Structure formats: structure tokens, C-alpha cells
Amino acid sequence: MSAPASPSAPPRLFDPRRRAARLARAARRFSDADFLHRRAAGHMAQDLEFILRDFAAAVDVSAHPGLFEAVAREEGVARLGAVAVIEDAAVRAQPASMPCRLRTARRT
């Protein structure tokens, strides 16, 4: 673990390059073993139906973006608008380390 850049900076707990490499490796075969992520996304989509408000915009901050929106659309969640994702895998590997550029999907 390296020393923080300044006294107020949090310590760096994970190597961002190693995390980015692991995310990239996992992404190549993610669809072969995404059943737990699909199940969790399905539960979240169902839970949204019990909340009596619309979500005009949402952000998917998961390590494998896009799955939640796909499952929510399959489940027919009517209260969910556009879902933005963090496009850059390097940024996803370093959560909260820098501003995130989001790509907003257009609802069809």
C-alpha cells in the first residue's frame, strides 16, 4: 500500500491497473457466468415496481454495466427512464477517484 499523496487523501487500497485488468478479463466471458448478476438485477427490477415514483434517470455503477437495464426492460419495469453507465473500464476500476463520464442509453 502506497502512502497518500496528501494528508487528506485516502490511502489507495487496491491497485487500479490490476483491478482494470481483472475487470477486462472477466468481461470477456461474463455472459457465460452472469446468472447471479441477472438474479440480483431481476430482484432490483421487481423491487422498483413497489416504489410509487418514477425514476426518470438512473446510473448503473456496477462492474459490468448494462445488465441491470437489460433485465429491467425484460421484466417490463415501467417506472424506469434512461440508465446511464460509466463507459471507461479504468474509471470503473477506481471508484470515486475521478469524475465519471456517463453514457446515457436512450429508452426505447
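This one's a predicted model, so the numbers in the text were calculated from it and none came from an experiment.
Contact between H37 and L67 at its shortest, heavy atoms only, is CB-CD2, 3.3 Å. Taking all atoms of both residues into account, the shortest heavy-atom contact from A58 to L80 is CB-CD1, 3.9 Å.
The side-chain hydrogen bond (donor to acceptor under 3.5 Å, both in side chains) analysis of residues 53-68, with sequence neighbours excluded, yields the pairs D60-S62. Counting only residues at least two apart or in different chains, salt bridge (Lys or Arg N to Asp or Glu O under 4.0 Å) contacts with residues 20-30 comprise R29-D32.
In this structure, CD on Q46 lies 9.0 Å from CD on E49, to the nearest 0.5 angstrom.
Hydrophobic clustering, defined by side-chain heavy atoms of Ile, Leu, Val, Met, Phe, Trp and Tyr closer than 4.5 Å, leaves L23 isolated from every other such residue.
Applying the salt bridge (charged side-chain N to carboxylate O under 4.0 Å, His left out) rule to E74 yields the partners R38; only residues at least two apart in sequence or on another chain are considered. Residues satisfying the ring-ring contact (aromatic ring centres under 6.0 Å, His included) test with F55, not counting sequence neighbours, are none. Scored by the side chain to side chain contact (heavy atoms under 4.5 Å, CB included) test, A45 finds A72, E75, V77 as partners (sequence neighbours excluded).
In this structure, V83 is a member of the same hydrophobic cluster as L48, with clusters built from ILVMFWY side-chain heavy atoms closer than 4.5 Å. Hydrophobic clustering (ILVMFWY, side-chain heavy atoms < 4.5 Å, transitive): F68 and I51 are in one cluster.
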